[in-house]
4 protein chains.
Amino acid sequence: MTRERKKSEKRAAILQSAFDEFKNRRFDAVKLDDVAARAGVGKGTLYLYFKNKEDLFIQMALDGVEQMAGRMKEIARMDLPFCERFFLFGREIGAFVEKRSVMFRLMHQISSESIQQEFMGQHRLLVEVARGLLKAGVDEGVLRSDVTVADLHCLLIGPLLFRVRLNKFNNDQIEVNTLLNLFWDAAVLKPETRKLEL
Amino acid sequence: MTRERKKSEKRAAILQSAFDEFKNRRFDAVKLDDVAARAGVGKGTLYLYFKNKEDLFIQMALDGVEQMAGRMKEIARMDLPFCERFFLFGREIGAFVEKRSVMFRLMHQISSESIQQEFMGQHRLLVEVARGLLKAGVDEGVLRSDVTVADLHCLLIGPLLFRVRLNKFNNDQIEVNTLLNLFWDAAVLKPETRKLEL
Amino acid sequence: MTRERKKSEKRAAILQSAFDEFKNRRFDAVKLDDVAARAGVGKGTLYLYFKNKEDLFIQMALDGVEQMAGRMKEIARMDLPFCERFFLFGREIGAFVEKRSVMFRLMHQISSESIQQEFMGQHRLLVEVARGLLKAGVDEGVLRSDVTVADLHCLLIGPLLFRVRLNKFNNDQIEVNTLLNLFWDAAVLKPETRKLEL
Amino acid sequence: MTRERKKSEKRAAILQSAFDEFKNRRFDAVKLDDVAARAGVGKGTLYLYFKNKEDLFIQMALDGVEQMAGRMKEIARMDLPFCERFFLFGREIGAFVEKRSVMFRLMHQISSESIQQEFMGQHRLLVEVARGLLKAGVDEGVLRSDVTVADLHCLLIGPLLFRVRLNKFNNDQIEVNTLLNLFWDAAVLKPETRKLEL
DNA sequence: TATGAATGAGGCTTCATTCAT
DNA sequence: CATGAATGAAGCCTCATTCAT
């Protein structure tokens, strides 16, 4: 137990430190020496948990995606009016994207073909879940159906992603809720449904 | 003149080949050997036109941004109803973003602080121009004013950027025009103004 | 006693597995991980029996040399006509060399000076014994004395060693007995003494 | 010309320095840093001429083998009595083996399967040439035919190889000529043919 | 101006060795 | 005694950069 526990904790520590190092740096600007030092382990230890630098990078980038997808699925299945499910969902994903925007940047930066595939699989998972919710909105007659679900999805997630960048680099202070409301205005059939001041 | 001309052409060739190499690769995965070979010049020649790898990278990423900004400013200044200026503008920027999405990814990948600044300057330029147009829309009473211009901007550009990724990695076929229309629905005060079937 | 026994067996198991690993590999291509795994012990256990990798290597290479030397001395001392002693001896050494050709290859691959010495000591032991026999042959007037014992020794052992390589890499099928007979023809004074069909 | 010349010379310099480094050391005990330093070139330069450490090692080990084989073939074809061709040949090969005994040790130390093959090809070349000469001796009725050519070959080369080791590690002073004469006594049909005091 | 052979700093990775359990 | 997780020294190799031609 202690054994398993420690092992799992060490892995998490490495992932965290990798996250901190990769967050604002290029892949090649991150030194595994630093990752190890920050995690408080020896350099060689990294290789007990990860095949190599790229593997560590990927594991880090995908860390938490599945839990996230799970939580999002739960929300989508909740017994609530669509409007509420949507805003719950939106805030959840907005927060996730803020914390793990790395993942979205990194899709473009993978060399190995096979890993590329794994990566895209995870990404598609998230896309699927989000589109599932939107599809429900359409089916329930809340969201418009003159555009595709893909269009709506793009309109929803795009701003949430871009927001992170603007807030970071442009010192803007764009709120998730504002974006969700704007999306709602564009996507919903009967505007009066809208509400949700926060 | 021929001298100037040749020089300029060679620079352009290098930038193009750099673009092709960087497009789908990590910074460190691109070898200057390959860039030079693809451009049909010797490796040393790169250093006659660019200070170093990062410089080449930046020049490439920013290549065309100023022209783009210029063109966009012109559109914004045109003597046309806001609606038309908007859609012209939107399609222009949609195309630009499609071709040069690199630039947007790369903001995060610069080591040198000073270059970071230069980069952000250019980015801000584009942001400014776009927000200028949107501000005009608000001032002219076409766009809603209950959210900030920054919010509207994020809602406009975010999907255009995300679209590129989805079309590429998810094999979606999201249209710029659809996104513009959706934006319009969310942002405009009197929906009946909207039109533009294309 | 059981204690002693077990210990000795484990040591033997390690030596055997080391032998199998080193047999066809470079020193640096052998991983102690593999040696331990093959021997069915933990990696740390190796260090209970051997000082370090090089020590294990040496012990393995020299393993059995002394017994061999002993057996050879016995043969040399037997109360038999020289001819018979020689062929017994030759076949014995031919078999030994076939099994432990490693040892002979390895002389060249030792870093530590002190270990080098130990190694050479063992080698010299074998040389001595062989030359002892040949000296007896000369003294008894069976072998020629117009060349040195060292020359004869070289003529005897060289082919036995080279044979192993040819059989292995060249797929030859050279017999120890043939080589012994050839040596005999070259080395003996009165050819009619020679016989030994097998 | 100067270009080609320089390149070829540099390669030779590297091979020589590699030879000196590998001569008395284990593969893993040789540092490419040292090879480069000894050759008076930069570390990276090694990689302009050789794929990697093992490649350098092989090229070095095989360096000169083909010339040697060529020279030996010439001797074998000379218009001389077999006896003279034999001793010429023997002395040539004795000297070669003395200088390049590395090659023979190294057969056992190659990891890559493909390189192993190349290596064995070269070795077989030498074996072939030597056996060609011995075959001629048999055909001309000078050498005995009651043993195979492979046996004779093993009897000839084995001692020449072993001699190098004994002289080096045992401080013996075994002469090539003595060994050749001994071989001759064993292999020739009419002993009176033998002569060659030197 | 253009080249590409040469360089060497620097980082990933391996694996012998240690030591807490 | 036995283990194997952890370590970090050490070296191969890459590739941006330089510079003689």
Side-chain angles (χ1 to χ4, degrees), chain A residues 2-3 6-7 10 14 27-37 39-56, chain B residues 3 6-7 10 14 27-37 39-57, chain C residues 3 6-7 10 14 27-37 39-57, chain D residues 2-3 6-7 10 14 27-37 39-56:
Chain A
T2 317
R3 204 53 159 276
K6 266 194 177 170
K7 193 162 173 176
K10 196 160 281 189
I14 294 172
F27 183 86
D28 62 301
V30 170
K31 283 183 279 188
L32 291 190
D33 272 6
D34 294 343
V35 174
V41 303
K43 214 182 327 174
T45 305
L46 302 184
Y47 288 84
L48 297 179
Y49 294 87
F50 305 96
K51 213 162 69 273
N52 52 35
K53 189 181 182 181
E54 184 150 45
D55 185 41
L56 167 57
Chain B
R3 198 57 158 271
K6 263 192 177 169
K7 188 163 173 176
K10 195 163 280 190
I14 294 172
F27 183 85
D28 62 299
V30 171
K31 286 184 272 188
L32 291 191
D33 271 0
D34 293 343
V35 174
V41 303
K43 208 185 336 173
T45 306
L46 301 184
Y47 287 83
L48 298 177
Y49 294 87
F50 305 95
K51 208 159 76 271
N52 53 35
K53 188 182 183 181
E54 186 148 43
D55 184 41
L56 167 58
F57 176 72
Chain C
R3 200 59 159 267
K6 264 194 178 170
K7 189 162 173 177
K10 196 163 280 190
I14 294 173
F27 182 85
D28 63 299
V30 170
K31 287 185 270 192
L32 291 191
D33 271 359
D34 293 342
V35 174
V41 303
K43 209 185 336 174
T45 305
L46 302 184
Y47 287 83
L48 298 176
Y49 294 87
F50 304 94
K51 208 159 76 272
N52 52 35
K53 188 181 182 182
E54 186 148 42
D55 184 42
L56 166 58
F57 176 73
Chain D
T2 316
R3 204 54 159 271
K6 265 193 177 170
K7 194 163 173 177
K10 196 161 282 189
I14 295 172
F27 183 85
D28 62 301
V30 170
K31 285 185 277 190
L32 291 191
D33 272 7
D34 293 343
V35 174
V41 302
K43 214 185 325 176
T45 305
L46 302 183
Y47 290 84
L48 296 179
Y49 295 88
F50 306 94
K51 212 163 69 274
N52 52 35
K53 188 180 182 181
E54 184 151 45
D55 185 41
L56 167 56

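In what follows, chains are A, B, ... by sequence order, proteins preceding strands, each numbered from 1.
- Residue D:Lys51 places no side-chain N or O under 4.0 Å from the OP1 or OP2 atom of F:dC13.
- Scored by the ring pair (Phe, Tyr, Trp, His ring centres under 6.0 Å) test, B:Phe57 finds B:Phe22, B:Phe27 as partners (sequence neighbours excluded).
- F:dT17 atom P lies 10 Å from atom CG of B:Leu56, rounded to whole Å.
- Atom pair B:Asp55:CG and F:dA16:P shows a separation of 14 Å (rounding to whole Å applied).
- Projected onto DNA chain F by closest heavy-atom contact, C:Leu46 and B:Asn52 fall at different nucleotides, the more 5' of which corresponds to C:Leu46.
- A search for salt bridge (charged side-chain N to carboxylate O under 4.0 Å, His left out) contacts involving A:Asp28 returns A:Arg26, not counting sequence neighbours.
- The side chain to side chain contact (heavy atoms under 4.5 Å, CB included) test applied to A:Ala37 returns no partner, not counting sequence neighbours.
- Atom OH in A:Tyr47 sits roughly 13 Å away from atom P in E:dC15 (whole-Å rounding).
- Taking a pair as Watson-Crick or G-U with both hydrogen-bonding distances under 3.5 Å, the stems of three or more pairs touching DNA chain F are E:2-21 with F:2-21.
- Sorted by first and then second residue, the side-chain hydrogen bond (donor to acceptor under 3.5 Å, both in side chains) pairs with a member in residues 41-53 of chain A read A:Asp33-A:Lys43; sequence neighbours excluded.
- Rounded to an integer number of Å, the gap from CG of C:Leu48 to P of E:dT18 is 12 Å.
- Residue D:Leu32 holds its CG atom at 10.5 Å from CD1 of D:Ile14, rounded to the nearest 0.5 Å.
- Atoms CG (C:Asp34) and P (E:dC15) sit 9 Å apart, rounded to a whole Å.
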Got a list of protein N/O to nucleotides 9-11 of chain F N/O distances below 3.5 Å?
residue, atom, partner, partner atom, Å
F:dA10, N6, A:Lys43, NZ, 3.4

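- The CZ-P distance, from C:Phe57 to E:dA16, rounds to 13 Å in whole Å.
- Where A:Tyr49 and D:Phe27 each meet DNA chain F at their nearest nucleotide, the meeting point lying more 5' is that of A:Tyr49.
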